There are 2 protein chains.
Amino acid sequence: MTGDLDNLRVVLVATRNPLNIGAAARAMSNFGIRRLRVVNPYEVAFREARSAVGAAGLLAKAEQYESVAEAVADCRLVVGTTVAGRRELQHRLQRLDEGGLAIKRQLKTGPVALLFGSERFGLSNQELSHCHWVMRIPTREEHGSMNLGQAVAVCLYELVRGQKTAPAKIVPEKRAKTPAASGDVERLTQLLFKVLDASGYVKPRAAAATEGNLRRMLRRMQLDASDTVLWLGILRQIAWKLRANEKSGE
Amino acid sequence: MTGDLDNLRVVLVATRNPLNIGAAARAMSNFGIRRLRVVNPYEVAFREARSAVGAAGLLAKAEQYESVAEAVADCRLVVGTTVAGRRELQHRLQRLDEGGLAIKRQLKTGPVALLFGSERFGLSNQELSHCHWVMRIPTREEHGSMNLGQAVAVCLYELVRGQKTAPAKIVPEKRAKTPAASGDVERLTQLLFKVLDASGYVKPRAAAATEGNLRRMLRRMQLDASDTVLWLGILRQIAWKLRANEKSGE
């Protein structure tokens, strides 16, 4: 997939604030996407964007274009992005997760452009006319307008998520749990009962019921082997202290 | 689902830059999440964060806490977030998309806290010890560090995306458990620590590490509410007996 992602071009159109270009670059670098293109940014000095933490190299290599047409000329699929509240769209609209799937398929075969519009207005109808379809980030109708850097991060995450061999090595998910052996859990049960008996927790007439309660509770915990060892150590120490106290009090 | 999302608390811990709190608030508002909590932000005047476009109301209602323990006390599931490159984690690590599923299940039953650490260091091991598990945003190993506002946006998007076509396979709960409130589990942690300290289990120089180990172990157990009450009773009795013994031995 890393190879596929090299086919993605993130195209920022008419971005007003160079800090947002920096933020977009940073998110790209985080998720392993390298090709940034900018169309008519408001300030030409965008390469100095300070917010491009860790992505200065990517920013330095950004390609600058004077029109959307030029910026997407080599791409076989051009996808626009939008948020809630843009009702006048004349394009086919896809949900982000569905569109993401279509983009991933296309990335296997050639360059794909993903367009983000200006902070204030998004992509104009003229800019959108270069797109095959549009992806919608599922923001609320009442507050659709997203920060540009956050919108880029969310869309790129959608493209990299769920990869078995993600750009980065995934650390083993669930701590490989080895369920405790029943014998150890029973040893724990007996020790806990002994400690509680010595502490006056166990009422003589309810001893059997209490033991049953403890046994069930410890099994509900579904302890793993190493936690069981930890608990045995804890209870042995308490049992020892109780005994030591008794003796010193004798 | 909108109702479920009201159970989510986004908790920003030791955030250095108030603009990032504003950016987080904006992403929350975009995705329909309203409850923001901050723990010890570097600047107290965070409510004036200018980057909270459209989310001033949400920011004004943010709740401020002095410790992670207080900020998550009413939550039944506490999840930390991290990025690539944090190797020393002692927690169970989930992929963001898998963790998102687990969070969505839990949101149906009660409050869930989602923690984000400081810009520079992320969540400390002490802060993480309050978490049941940790979600990892799939950034590259070579450039793991994400902008805080972008990290929040990506995680929240994961929780709202694809709501119509939810993943078919939902793992059934083993039994109708009411997970313990974090405040109760923390009370249990403190009491266990006290009992172990009185028993000579805690080595003075390793006290903080031991406390962290106990906190993580108790959260791994995913105790339900009634078992937590049972454990509190057990430990109170042991604590009482240890004290009584000490006195009679004096």
Side-chain angles (χ1 to χ4, degrees), chain A residues 23 26-27 29-32 51 53-55 83 95-97 137-140 143-147 149-151 153-154 157-158 160-163 166-175 192 195-196 198-201 213 217 220-221 223 227 230 233-234 237-238 240-242 245-246 248-249, chain B residues 23 26-27 29-32 51 53-55 83-84 87 89 92-98 136-141 143-147 149-151 153-154 157-158 160-163 192 195-196 198-201 213 217 220-221 223-224 227 230 233-234 237-238 240-242 245-246 248-249:
Chain A
R26 179 173 180 179
S29 174
N30 284 149
F31 290 128
S51 57
V53 177
V83 292
R95 260 179 31 194
L96 183 50
D97 51 350
I137 306 177
T139 51
R140 284 191 306 147
H143 184 196
S145 161
M146 271 197 96
N147 166 273
Q150 290 175 323
V154 164
Y157 166 70
E158 180 59 49
V160 304
R161 78 173 172 81
Q163 289 181 40
K169 196 185 62 190
I170 294 264
V171 189
E173 287 141 19
K174 306 185 179 169
R175 216 164 56 96
L192 180 59
V195 164
L196 290 179
S199 302
Y201 180 92
N213 285 338
M217 178 188 71
R220 274 201 295 278
M221 285 162 43
L223 292 171
D227 281 350
L230 199 55
I234 284 173
Q237 180 75 30
I238 295 174
W240 171 86
K241 181 67 178 176
L242 288 167
N245 282 346
E246 294 290 342
S248 76
Chain B
R26 180 173 180 180
S29 175
N30 284 149
F31 291 126
S51 57
V53 178
V83 292
R87 295 182 185 285
L89 285 179
R92 187 154 68 93
L93 208 58
Q94 297 248 45
R95 263 179 27 195
L96 183 49
D97 50 351
E98 295 169 336
R136 181 184 177 287
I137 305 177
T139 51
R140 285 190 304 149
E141 287 289 335
H143 184 194
S145 163
M146 273 196 97
N147 166 272
Q150 291 175 322
V154 163
Y157 164 69
E158 180 60 51
V160 304
R161 79 174 171 80
Q163 287 186 31
L192 179 58
V195 163
L196 290 179
S199 302
Y201 181 91
N213 285 338
M217 180 189 68
R220 274 200 296 275
M221 286 162 44
L223 292 170
D224 72 9
D227 282 351
L230 200 55
I234 284 173
Q237 180 73 30
I238 295 174
W240 172 86
K241 182 67 178 176
L242 286 169
N245 281 346
E246 294 291 340
S248 76

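What you are looking at is a predicted structure, and each value in this text was computed from that prediction instead of being measured. Labels below follow one simple rule: chain letters A, B, ... track the order of the sequence lines, proteins then strands, and each chain is numbered from 1.
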Given a strict heavy-atom distance threshold of 4.5 Å, which part of Leu242(B) is in contact with chain A: side chain, backbone, both, or neither? both

Determine whether a donor-acceptor pair (N or O, by modelled atom type, separation under 3.5 Å) exists between the side chain of Gln237(B) and the backbone of Leu196(A). no

List the atom of Asp227(B), the atom of Asp224(B), and the distance in Å for their closest heavy-atom pair. N-OD1, 2.9 Å

Side-chain contact, heavy-atom cut-off 4.5 Å: Lys241(B) with Ile238(A)? no

Engaged part of Tyr157(A) at the chain B interface, taking heavy atoms whose separation is under 4.5 Å: side chain

Heavy atoms only, distances under 4.5 angstrom: which of Asn213(A), Val195(A), Val154(A) has the most pairs with chain B? Name it, please. Val154(A)

With a 4.5 angstrom heavy-atom cut-off, is it the side chain or the backbone of Leu96(A) that approaches chain B, or both, or neither? both

Output the option from Met217(A), His143(A), Arg140(A) having the highest count of non-hydrogen pairs under 4.5 Å with chain B. His143(A)

When every non-hydrogen atom of Ile137(B) is compared with those of Ala151(B), the smallest separation belongs to CD1-CB, 3.8 Å

With rounding to the nearest 0.5 angstrom, report the CD to CD distance, Glu158(B) to Glu98(B). 10.0 Å

Distance (rounded to the nearest 0.5 Å) between Asn30(A) CG and Met146(B) CE: 5.0 Å

Does any backbone or side-chain atom of Ala198(A) lie under 4.5 Å from a heavy atom of chain B? Answer side chain, backbone, both or neither. backbone

Name the option with the most non-hydrogen atom pairs under 4.5 Å to chain B; the candidates are Ser145(A), Gly233(A), Gly200(A). Ser145(A)

